[in-house]
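Accompanying notes for the structure given below.
Treat the numbers as computed from the prediction; the structure is a model and nothing was measured. Here is how names work: the chains are called A, B, and so on, in the same order as the sequence lines, proteins then strands, and each is numbered from 1.
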Amino acid sequence: MYALLATGPESSTVLVELRNDDGTVAAPAQTIERSQLGSAVQSLEATHHPRWVWDRAIHWYPGLLADGIRVEKCHDLALCQNILQYSEFAAATGYQQNFTPLPPEVDPARGSSSIYGAQAGQESLFDAPPSSSTPVSWDLAAVARELVAQKTAIASSTHPARLTLLLSAESAGALVAAEMHYEGIPWREELHRRLLNDLLGPEPANFAHPEKLEALAGQLRTALNAPSLNPDSPQDLMRALHRAGIETKSTRSWELQEFKHPVIEPLLNYRKLSRLFTTNGWNWLQQWVKDGRFHAEYVVGGVVSGRWASRGGGAMQIPAQIRHAAVADPGYSLIVADAAQLEPRVLAALAQDTAMAAAGGDAAGNNKDLYAGIAAEGFDGDRSMAKVALLGAIYGATTGDSGRLVPQLARMYPRALDFVEQAARAGERGERVTSYLGRSTPPTSQEWRDGQRSTNAAEQRRAEQAARSRGRFTRNFVVQGTAAEWACCWLAELRRRLRVLAASAAVAPDFSGDGAAQPGTPQLVAFLHDEVMVHCPDHLIEEVKQIVHESSRAATELIFGKIPLEFPVNVSVVQCYADAK
DNA sequence: CACGGGCGCGCG
DNA sequence: AAAGCGCGCGCCCGTG
């Protein structure tokens with residue numbers, strides 16, 4: 001059963017239409033006042049548990065979540081269109097020549113684009129629910145048309161089952177992302193403030209710099225004999241360093257570390273603290289943490305490879321330094337799980353390299369550290385060497401330690417290395433490459449293709465460089481993209497099982513001090529490429545750990561079927577995110 | 001003064 | 001150990 005949701009003829013109304021799985025109308029479109037949308041969705045969810053079909057989950061779901069309503073499944077037309085419009089699997093279906101592009105997203109949290117432009121998103125996160133500023137959505141006819149077009153494209157594609165799985169996982173991702181944003185990562189503001197105070201000094205007034213940062217800047221000016229030095233200016237800094245006899249080519253930390261000079265230590269210290277202050281300091285706290293939660297904002301499919309991106313708070317780049325402030329509520333724990341060596345394992349599966357798969361565990365399901373397994377086979381047991389070599393192969397390293405180790409790996413695992421090599425060659429020729437479930441690279445730009453046809457020597461050199469660069473991109477794309485698919489399926493399976501657990505009686509016996517029943521359900525609160533975090537009531541820890549492992553096995557089988565390779569996950573149960581792993 | 005590229009560095 | 005993939009963010013600085 002599908003439930004199509006679209007803006008009505010008047011923007012204060014919404015149309016809902018029920019359709020059977022074969023596309024026939026089950027119940028004619030019903031007009032609903034926006035204010036009544038929540039209860040209408042809830043009752044349909046209870047009676048029909050339909051798959052909600054909407055232009056974008058991000059336009060509808062945050063408002064429903066704010067009303068306390070969650071749905072089981074959806075079809076996000078925009079995310080699916082984004083995949084189908086490039087997928088090589090659907091190249092011969094006619095969809096890519098004929099689809100109607102959806103209007104661009106308007107971020108509901110930020111409201112209209114004019115507000116976004118005018119005040120740089122300040123307090124944007126906590127503005128009124130999106131229903132008040134919902135942008136132009138497709139009308140019901142357009143939603144119905146696009147759904148049919150997409151289903152037709154999938155059915156007539158070269159791999160209908162894979163595309164179906166990919167699009168359903170992507171749509172589930174849209175629900176998870178909205179729910180994670182709604183829930184937020186538990187964040188102890190007072191711990192964060194204490195940390196800032198210890199490292200930077202008291203919170204500065206207005207736009208001043210913290211005193212410890214100013215003190216370090218003073219030390220730098222003295223040590224370099226440069227009274228007007230602005231340490232934030234790379235040019236300024238470079239000149240001062242050269243005057244002091246430090247002949248560095250850049251001002252990157254790892255390069256500066258090589259020099260012996262009294263200015264280096266305070267400079268690196270300044271760098272570290274300056275970054276903390278500007279990126280994750282008091283301003284960040286004020287803007288992103290509310291009522292003990294960091295409301296991370298995720299962009300599903302925001303990366304070409306299908307990985308998620310994040311927006312605003314740097315949700316996917318939380319530095320280790322401030323993870324001390326992410327602490328579970330009393331009576332709860334953080335369950336932090338990450339897939340072990342996800343990309344190398346994905347490569348072994350893609351290339352069907354049984355030798356590499358065997359290095360990651362045996363047929364009996366005894367999983368090994370894949371890097372250690374490879375190291376034992378050919379790198380004298382040196383795990384870090386094996387890791388550098390394998391990542392180098394996936395990234396296309398040609399020089400340095402990594403590049404030197406790749407040939408050894410190629411002798412050991414010719415199938416795996418050949419697989420990424422083929423992807424690289426295809427990319428260099430300007431061809432598209434595709435992940436296992438069917439996400440393809442966008443086509444090359446006109447500019448790129450023109451460059452490849454150039455005749456003069458200097459331009460040809462540039463073109464070859466551009467070709468090699470695209471080769472590294474496509475080489476990595478097939479692995480990173482398939483890894484993102486695995487992670488998305490894992491997440492979708494995890495969500496489904498957590499919903500079942502939450503609905504079961506197991507969660508009932510949890511009462512707060514005042515006697516009111518607290519649902520106390522485990523919540524997915526963060527996702528970082530190959531890692532998830534669940535904020536979990538203590539009495540459900542064992543069940544959730546089990547679910548995390550089951551979901552990993554389910555994801556692997558959904559994508560690859562039965563293969564002699566597992567995707568083990570490491571699970572830590574901690575109070576504080578900084579203690580994970 | 002707004003914008004965008006470059007840089008440096010955080011994450012995977 | 002330090003060059004090879006994908007990102008976001010904040011700052012500097014040149015351009016229009």
Phosphate-side-chain proximity, [X] and [N], N/O vs OP1/OP2 below 4.0 Å:
X        : N      : answer
A/Ser310 : C/dC7  : no
A/Ser305 : C/dC7  : no
A/Thr399 : C/dG4  : yes
A/Arg271 : B/dC9  : yes
A/Arg275 : B/dC9  : no
A/Lys387 : C/dA1  : no
A/Asn230 : C/dC12 : yes
A/Ser402 : C/dG4  : no

**Item:** Residues, nucleotides or ligands: over 12 heavy atoms within 6.0 Å of A/Asp198 CG
**Value:**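 Buried by this count: over 12 neighbours within 6.0 Å.
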**Prompt:** Which residue lies toward the 5' end of DNA chain C, A/Arg252 or A/His529, if each is placed at its nearest nucleotide?
**Reply:** A/Arg252
**Complete:** Result for 5'-nearest mapping on DNA chain C, choosing between A/Asp401 and A/Thr279, is A/Asp401
**Charged N-O contact under 4.0 Å between A/Asp401 and A/Arg404** = yes
**Asked** Salt-bridged, A/Glu170 to A/Arg56, with N to O below 4.0 Å?
**Response** no
**Item:** Cation over ring face, A/Arg475 and A/Tyr395, 6.0 Å, 45°
**Value:** no
**Quiz item: A/Arg307 side-chain donor-acceptor pair to B/dG12 base, under 3.5 Å** = yes
**Request:** Kindly state whether the ring of A/Trp187 and the ring of A/Trp284 have centres lying under 6.0 angstrom apart.
**Result:**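 Yes: the rings meet the under 6.0 Å criterion.
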**Message:** Check for me whether the distance between the ring centres of A/Tyr298 and A/His181 falls short of 6.0 Å.
**Reply:** no
Nearest-neighbour nucleotide for the [X] side chain, [options] considered:
X        : options               : answer
A/Thr278 : C/dC5, C/dG4, C/dG10  : C/dG10
A/Ser233 : C/dC11, C/dG4, C/dC13 : C/dC13
A/Asp530 : C/dC13, B/dG8, B/dG12 : B/dG12
A/Lys272 : C/dC11, C/dG8, B/dG10 : B/dG10

Mind checking [X] for me? I need base, sugar-phosphate or nothing, with any heavy atom below 4.0 Å counting as a touch.
X        : result
A/Phe473 : sugar-phosphate
A/Ala315 : nothing
A/Arg323 : sugar-phosphate
A/Val479 : nothing
A/Ile318 : sugar-phosphate
A/Ser274 : nothing
A/Ser384 : nothing
A/Gln321 : nothing
A/Gly313 : sugar-phosphate

Nearest-angstrom distance from the residue atom [atom1] of [X] to [atom2] of [N]:
X        : N      : atom1 : atom2 : answer
A/Asp338 : B/dG12 : CG    : P     : 9 Å
A/Leu213 : C/dC11 : CG    : P     : 11 Å
A/Ile185 : B/dC11 : CD1   : P     : 14 Å
A/Leu229 : C/dC11 : CG    : P     : 17 Å
A/Gln235 : B/dG5  : CD    : P     : 18 Å
A/Trp486 : B/dG12 : CH2   : P     : 16 Å
A/Leu405 : C/dG4  : CG    : P     : 14 Å
A/Asp236 : B/dG6  : CG    : P     : 21 Å

**Complementary nucleotide of B/dC3, counting Watson-Crick and G-U pairs under 3.5 Å** =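 Result: C/dG14.
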**Message:** Please tell me whether A/Gln575 and A/Ser333 have a donor and an acceptor in their side chains that are separated by less than 3.5 angstrom.
**Reply:** yes
